[in-house]
Amino acid sequence: MVERNTPEILVVDDDPMVRDIVVQAIEALGYSVDVSGDGFEALEKNEIRDFDLIITDMILPGIDGLTLIRKLVEIKSPTDVIVITGFGSIENAVECMKAGAVEYIIKPFTIDQIQVAVKKAVELRLLRKHAKEREFYRELSYVDALTGIRNRRFFNESLVMELDKAARFSSSLILLMIDIDDFKIYNDMNGHQKGDEALSLMGELFKAACRGYDIVTRYGGEEFAILFPGASVEHAKVLAHRILENVRAAKFAGEEKLPSGELTVSIGVACFPQHARKAEYLILCADQALYASKRTGKNTVCIGWPDGNMDGPDGETTREAGPINRPV
């Protein structure tokens, strides 16, 4: 829909006298007005320009006001509708409201009644528009522009909420901290554009390895963080190794130039409540596990354990790490 400064309104009525009264009342408010004599013509006009508001009589040639509303809903038109009806047809007006009309006016009406109803509809529309804009920009503020996944701000807020839910329902929460191995070398050898493409692909690979309700975020730079609500330590091992496998199977332009011959990731895992109960300590535990994974050869998974040590599942991509100080 084209952005407009002045609301555009279509008045639909086959009675020229009634139609003129409504038009004059609306024009006095400074709004732009067009007219139509029947429902089919109204639909055709609205298809061309998407009016902000249609004011329609209940009884029309061709199709009535209720059918007009239902057809607008059917085609997902953003246009709002006010219905004009006789006193004996209030039930029909109520049906119109249920179908999607924002207001109805009963004949005989005054100019003031028309103007009040129209101003109310326009104000309501403006409020909805502003609410959608706020939600749109709020959503933008939670998205990482480069990778298209959620950003660190979203991670920070989600971690607090998910920990609260896990505590209330005696559930678990897994945090994976993921860092791309030798990413600075990859950038230096292939250029920042290829580096950006690699980051974007990593985000896609991580999402593909996760469930629909898992929270995949870019934590900063070449580091990512993923939250797995309700997952256990055993699940964490499977999830982390699935990510390693997805990354190893993917092809990154220029990765053969790296000392290892491929672009890989290292992963640190921490679990609530086993390893930590507060957000900052869960992050610290996962970070320490990530550093341990880096120290023990990269392209590995390390998991924080309650005794202060780090360990992981059996397999060649798992290493045992030294102790860490982990306040809880």
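Source: prediction; values computed, not measured.
- Taking the charged nitrogens against the carboxylate oxygens, R242 and E245 have no contact shorter than 4.0 Å, which rules out a salt bridge.
- Classification of K298 and D181 as a salt-bridged pair fails, no side-chain N sitting under 4.0 Å from a carboxylate O.
- In terms of heavy-atom proximity, S266 sits nearest to S293 at CB-OG, 3.4 Å.
- L29 is listed as a side-chain neighbour of V118, based on a closest heavy-atom distance under 4.5 Å.
- E123 has no carboxylate O lying under 4.0 Å from a charged side-chain N of K119, or vice versa, which leaves the two without a salt bridge.
- Here the OH-CZ distance, from Y142 to R153, works out to 4.5 Å after rounding to the nearest 0.5 Å.
- Shortest non-hydrogen contact noted between M97 and E103 is SD-N, 3.4 Å.
- At a threshold of 4.5 Å between non-hydrogen side-chain atoms, the residues I267 and V269 count as touching.
- Checked options I111, V33, V122, L53; the residue passing with I26 is V33 (criterion: side chain to side chain contact (heavy atoms under 4.5 Å, CB included)).
- Of the options D179, V247, L205, a side chain to side chain contact (heavy atoms under 4.5 Å, CB included) to V265 is made by V247 and by none of the others.
- Listed here is the closest heavy atom pair of G254 and Y186: C-CE1, 4.0 Å.
- Nearest heavy atom pair, residue A209 against residue I243, reads CB-CG1, 3.8 Å.
- The closest side-chain heavy-atom distance from T217 to D144 is not below 4.5 Å.
- Atom CD of Q193 is surrounded by 12 or fewer heavy atoms from other residues, nucleotides or ligands within 6.0 Å.
- Annotation: the span from L60 atom CG to E41 atom CD amounts to 11.0 Å, rounded to 0.5 Å.
- Under a 4.0 Å N-O distance rule, the pair K207/D214 does not qualify as a salt bridge.
- Surrounding NZ of K294 are more than 12 heavy atoms belonging to other residues, nucleotides or ligands, all under 6.0 Å away.
- Atoms CE and CD1, from M202 and I149 in turn, are 11.5 Å apart once rounded to the nearest 0.5 Å.
- Between V143 and N151, every side-chain heavy-atom pair lies at or beyond the 4.5 Å cut-off.
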**Request:** Apply the test side chain to side chain donor-acceptor pair (under 3.5 Å) to residues D52 and T79: give CA-CA distance (whole Å), side-chain angles for both, the deciding distance (0.1 Å), then the verdict.
**Result:** CA-CA 5 Å; D52 296 287; T79 303; over 6 Å; no
**Prompt:** Yes or no on side-chain contact (heavy atoms from CB on, under 4.5 Å) for N156 and V160, after CA distance, side-chain angles and deciding distance?
**Reply:** CA-CA 7 Å; N156 290 336; V160 172; over 6 Å; no
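- A donor atom on one side chain and an acceptor atom on the other are not found under 3.5 Å apart for S172 and S232.
- Put simply, Y291 and Y281 are part of two different groups of oily side chains (I, L, V, M, F, W, Y) that touch within less than 4.5 Å, one to the next.
- Note on V11: it clusters hydrophobically with F109, by side-chain heavy-atom contacts below 4.5 Å among ILVMFWY residues.
- From I9, atom CD1 reaches atom CD1 of I54 across 11.0 Å, with rounding to the nearest 0.5 Å.
- In this structure, CG on L290 lies 5.5 Å from CD on E223, to the nearest 0.5 angstrom.
- L10 and V23 are assigned to two separate hydrophobic clusters, defined by single-linkage of ILVMFWY side chains at heavy-atom distances under 4.5 Å.
- Nearest heavy atom pair, residue C271 against residue A231, reads SG-O, 4.3 Å.
- In this structure, S77 and N46 have side chains that are in contact, with non-hydrogen atoms separated by less than 4.5 Å.
- Taking a 6.0 Å sphere around NE2 of H130, one finds it holds more than 12 heavy atoms contributed by other residues, nucleotides or ligands.
- Looking at heavy atoms from C-beta onward, F224 lies in side-chain contact with L199 at the 4.5 angstrom threshold.
- You'll find the side chain of I82 stays beyond 4.5 Å of the side chain of T56, heavy atoms only.
- In this structure, R19 does not pair ionically with D14, as no charged nitrogen and carboxylate oxygen lie closer than 4.0 Å.
- Using a 4.0 Å cut-off between a side-chain N of Lys or Arg and a carboxylate O of Asp or Glu, D188 and K184 qualify as a salt bridge.
- Note on K71 versus E74: no salt bridge recorded, every NZ/NE/NH1/NH2 to OD/OE distance being 4.0 Å or above.
- When all heavy atoms of I215 and S158 are compared, the pair lying nearest together is CD1-CB, 3.8 Å.
- Between atom SG of residue C210 and atom CG of residue L239 there is a gap of 7.0 Å, rounded to the nearest 0.5 Å.
- Under a 4.0 Å N-O distance rule, the pair E262/R248 does not qualify as a salt bridge.
- In terms of hydrophobic clustering, with Ile, Leu, Val, Met, Phe, Trp and Tyr side chains grouped at heavy-atom distances under 4.5 Å, V216 and L146 are assigned to a common cluster.
- R168 is listed as a side-chain neighbour of D164, based on a closest heavy-atom distance under 4.5 Å.
- In terms of hydrophobic clustering, with Ile, Leu, Val, Met, Phe, Trp and Tyr side chains grouped at heavy-atom distances under 4.5 Å, M58 and I105 are assigned to different clusters.
- Ionic pairing of K107 and D57 is present here: one or more N-O contacts between side-chain nitrogen and carboxylate oxygen are shorter than 4.0 angstrom.
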**Stepwise side-chain contact (heavy atoms from CB on, under 4.5 Å) check, F228 with H235** = CA-CA 9 Å; F228 298 95; H235 290 143; over 6 Å; no
**Request:** Show the numbers, then the answer: is there a side-chain contact (heavy atoms from CB on, under 4.5 Å) between L72 and L43?
**Result:** CA-CA 8 Å; L72 289 171; L43 283 172; 3.8 Å; yes
**Test log, rule side-chain contact (heavy atoms from CB on, under 4.5 Å), inputs D80 and R125** = CA-CA 8 Å; D80 291 325; R125 187 176 181 82; 3.1 Å; yes
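- R152 forms a cation-pi arrangement with Y219, by the criterion of a distance under 6.0 Å to the ring centre and an angle within 45° of the ring axis.
- Among D64, T67, V81, V83, the single residue meeting the side chain to side chain contact (heavy atoms under 4.5 Å, CB included) criterion with C96 is V83.
- With Q115 contributing its side chain and A25 its backbone, the two residues share a donor-acceptor pair below 3.5 Å.
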